[in-house]
Number of protein chains: 2
Amino acid sequence: MTPEEFREHGKRVVDWIADYLASIESRPVRSQAKPGDVRAALPEHPPEEGEPFDAVLADLDRAILPGLTHWQHPSFFAYFPANASGPAVLGDLLSSGLGVQGMVWATSPACTELESLVVDWFAELLGLPAHFRTDSRGGGVIQDTASSASLVAMLAALRRAGGQGQRRTVYVSSQTHSSLEKAGRIAGLADGDVRAVDVDEHTLELDPGQLDRLIAEDLAAGAVPAMVCATVGTTSTTAIDPVRRIGEVCRARGVWLHVDAAYAGVSAVCPELRWINDGVAEYADSYVTNPHKWLLTNFDCSVLWLADRAPMIEALSILPEYLRNSASSSGEVIDYRDWQIPLGRRFRALKLWSVLRYYGARGLREHVRGGIALAGEFAELVAADSRFELREHHPFGLVCFRPLWPGLSTVDANAATLALLERLNDSGELYLSHTKVGEHVLLRMAIGAPTTEARHVRAAWTAIQEHLDFA
Amino acid sequence: MTPEEFREHGKRVVDWIADYLASIESRPVRSQAKPGDVRAALPEHPPEEGEPFDAVLADLDRAILPGLTHWQHPSFFAYFPANASGPAVLGDLLSSGLGVQGMVWATSPACTELESLVVDWFAELLGLPAHFRTDSRGGGVIQDTASSASLVAMLAALRRAGGQGQRRTVYVSSQTHSSLEKAGRIAGLADGDVRAVDVDEHTLELDPGQLDRLIAEDLAAGAVPAMVCATVGTTSTTAIDPVRRIGEVCRARGVWLHVDAAYAGVSAVCPELRWINDGVAEYADSYVTNPHKWLLTNFDCSVLWLADRAPMIEALSILPEYLRNSASSSGEVIDYRDWQIPLGRRFRALKLWSVLRYYGARGLREHVRGGIALAGEFAELVAADSRFELREHHPFGLVCFRPLWPGLSTVDANAATLALLERLNDSGELYLSHTKVGEHVLLRMAIGAPTTEARHVRAAWTAIQEHLDFA
């Protein structure tokens, strides 16, 4: 495809996306496809001869769209948002079009230097400490996901802790994201050595006292405690672990503190929400938050910061001859390949840079505040209906709640809640997900798409009420 | 940014990329920036107020372009190619614009089903065995890089081998990509347990006899041999390990065989190159190749196949409540989150689908054959100049060679070769990289960009000759 053909087809693709976004509300939020539908609509074998690009666009309409769950739909309230935005998509397009590979500084200096700059900008916007800046001993890096970022943090923590060949332990809670258990498995920890610390049964916050006791027990048994993961905004209910008190335990015990703020961390662009990071500046060895969830930057863009990059680089750096170069040898540059699991890397900084510039700090704050306000409005609607129980404390965009189902046992009530969820999602009007707290299944209403307005939230509540009436 | 604003700015970005690609030859291939140059050209702090998107494009020209090494330049001959192409970039743009997240089937069925389809198509195009297809016990998946794919394969192999808590070993050669050693570290293997098998000093192929002896030794010492990595087209010189003979050893010893064909595997779209995979059908437990290197698909797109997906899923699957859904419980669908390190995933299949359709099997073969033909032409030029030594066997697009530097010691000759390399790269006319074989530094000329023509290869050779004359 020549540059001129790219110009022509590219504009058609831009039009296609603009039309898609403009008409997204007319589509069912969750795909109504059955397993195998999409594949059955496409040829079984690859083409021998090339086809015009328009044939791809035609099949997109015919075969792919019916199989999509529309994450950018204003009535998508499941999981957490996966915000996209025009400037992010265009930043990503620039990355694809430039086609550079930033594994080391020398393979495209701008890829590394813009990334260092934007993660420093972003740390400033969130009020994170100066020792997370790339001109300090620490620094920031863009990863694909918080899962990968937490794995990198764990590998750095294990490196710092030493004790290879001994039993090494990591501490989470029942509310910690499953990626931490997965990271422990990947890193070769024995089953059970990712230890679950108790949580407060009401707030679901990790108990620092029990953490300290578990660490002491493990130390007494000869283990090497390597890392604690505290969460700011858990996936299930956006609970906030007491980072400061956990940090005090970590400091006293010499254990790495990783803070997983994948969803909620970006909200600290608003000064009134900086309290969520209390203790981070003093105690966190690493911190991750995802602009690709709630900050208008399309997937994938997760930012990991470290207070000291050295253990990570010791854990991940291997230098074969074919990657040696004078810039790396000089020690004057960052080679981000040593800050991540893969070797190769996209120019992801372009999309975050586009977003931070296009919206500015003010625009980002408005976006976050807008989501929180809508969540507050939704919570009031739930609280005003005695057939529902609202889960209190919803500091961000997520509201958890459940129908009370008077007269039903807990088991039957849970089944009824899940059946209600299926009916709602089958309707195509909105998409919710669920979680379980204690014995109860709760519905999760996660608000935060840039296109979600009060009318979508109110319509969702009406649909929930109507489907409950119907039950 | 509204859909209409996206339409307007999007077309400007498409124009910008088309202009960039059309004028790329006028730029120095390797960035001439010094450490810190790019960052110094940009504001130290993020903007408080939003800026127009055009300001981003203006800074791209002013501050970013001078800091780019142009991987899509027709005279980029360093490392391996990182092909981009119009249909791939547009497929990626569609992925960004749709903004869906395919962590499980239910979160966008088309994301999973199109991926299964295109990896099956791709296996067919490469002549890979039917048991790599997703409708078998095995299956394929798109990863970000071969590094991650090889890590996933290693985790599956470790799972199958069992023996957690015992010493577990993995076998590579001195020519194996560094990502395998990195994967071993990540997976918690002890230093030294990624064992380097000898290679033939001429061909650099892994020695199956010594592999068998090492495995026997390790077994006798109580270790659990878990995986062997054979490479089809090593990074240094594109050597091809004897997969069949290695496979026989693996089969006899019950050890997982992973085949890393990251660069060269895609060339099997040409039937006359299928010999490179001799033994794969019979013996390989996993196989990886990267469309994002030499097959016109922009980074990131690496395809991993497995003969049996079960050990991988056992190694990587964790199911928290908030990801449970009826489709997953039915067992009728693939949830690709269990096939990779991260949880979230982009709709990467769109770009590979676009490429396979736009070029067709015929177009892909022409592209690969064109690169090989140019490499052959370049090799003839080197062979005809008695001041150079050509490294024989260059079955793909990479040619390795060195100036002979008569009268210089090996150490001085190597220094002179590296100095020549620096001068060439400083010239901006072309970009080469280097490797070391035995005592000798070799220059690596990797041909394979879709825009590279015979005139670029001849001009590169002329530049090399001229800079040698000047030395």
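A note on names: the letters A, B, ... follow the listed sequences, proteins ahead of strands, and every chain is numbered from 1. No hydrogens, no waters, no symmetry mates; every other heavy atom, side chains included, goes into these values.
Within the 4.5 angstrom heavy-atom criterion, no atom of A/Asn83 approaches chain B. Neither the backbone nor the side chain of A/Pro66 comes within contact range of chain B; no heavy atom of the residue lies under 4.5 Å from a heavy atom of that chain. For A/Thr69, the parts lying under 4.5 angstrom from a heavy atom of chain B are both the backbone and the side chain. With a threshold of 4.5 angstrom between heavy atoms, A/Leu364 does not approach chain B through any atom at all. Heavy atoms of A/Leu155 lying under 4.5 Å from chain B belong exclusively to its side chain. Proximity to chain B is limited to the backbone of A/Leu189, based on heavy atoms less than 4.5 angstrom apart. Only the side chain of A/Lys351 comes within contact range of chain B, with at least one heavy atom under 4.5 Å from a heavy atom of that chain. For A/Asp19, the parts lying near chain B are the backbone and the side chain together; criterion is any non-hydrogen pair under 4.5 Å. Residue A/Ala315 touches chain B through its backbone alone, counting heavy-atom pairs closer than 4.5 Å. Of the atoms belonging to A/Ile24, not a single heavy atom falls under 4.5 Å from chain B. Looking at A/Asp300, both its backbone and its side chain come within 4.5 Å of chain B, counting heavy atoms on both sides. Within the 4.5 angstrom heavy-atom criterion, atoms from both the backbone and the side chain of A/Val100 approach chain B.
At a cut-off of 3.5 Å, with distance as the only test, no side-chain donor of A/Glu332 or A/Trp105 sits close to an acceptor on the other residue.
Between B/Arg39 and A/Asp120 there is a salt bridge, since at least one side-chain N of the basic residue sits less than 4.0 Å from a carboxylate O of the acidic one.
Cation-pi geometry between A/Arg357 and A/Trp353 is satisfied (NZ or CZ under 6.0 Å from the ring centre, within 45° of the ring normal).
In this structure, the side chain of A/Ser236 does not engage the main chain of A/Thr435 through any donor-acceptor pair within 3.5 Å.
Environment of CD in A/Glu48: crowded, with over 12 heavy atoms of neighbouring residues, nucleotides or ligands closer than 6.0 Å.
Separation of atoms CG (B/Asn425) and OG (B/Ser433) is listed at 8.0 Å; rounding is to 0.5 Å.
Taking the six-membered ring for Trp and thresholds of 30 and 60 degrees, A/Tyr431 and A/Tyr79 have ring planes more than 60 degrees apart, a perpendicular arrangement.
Counting heavy-atom pairs closer than 4.5 Å to chain B, the top residue among A/Asn298, A/Leu117, A/Leu114 is A/Leu117.
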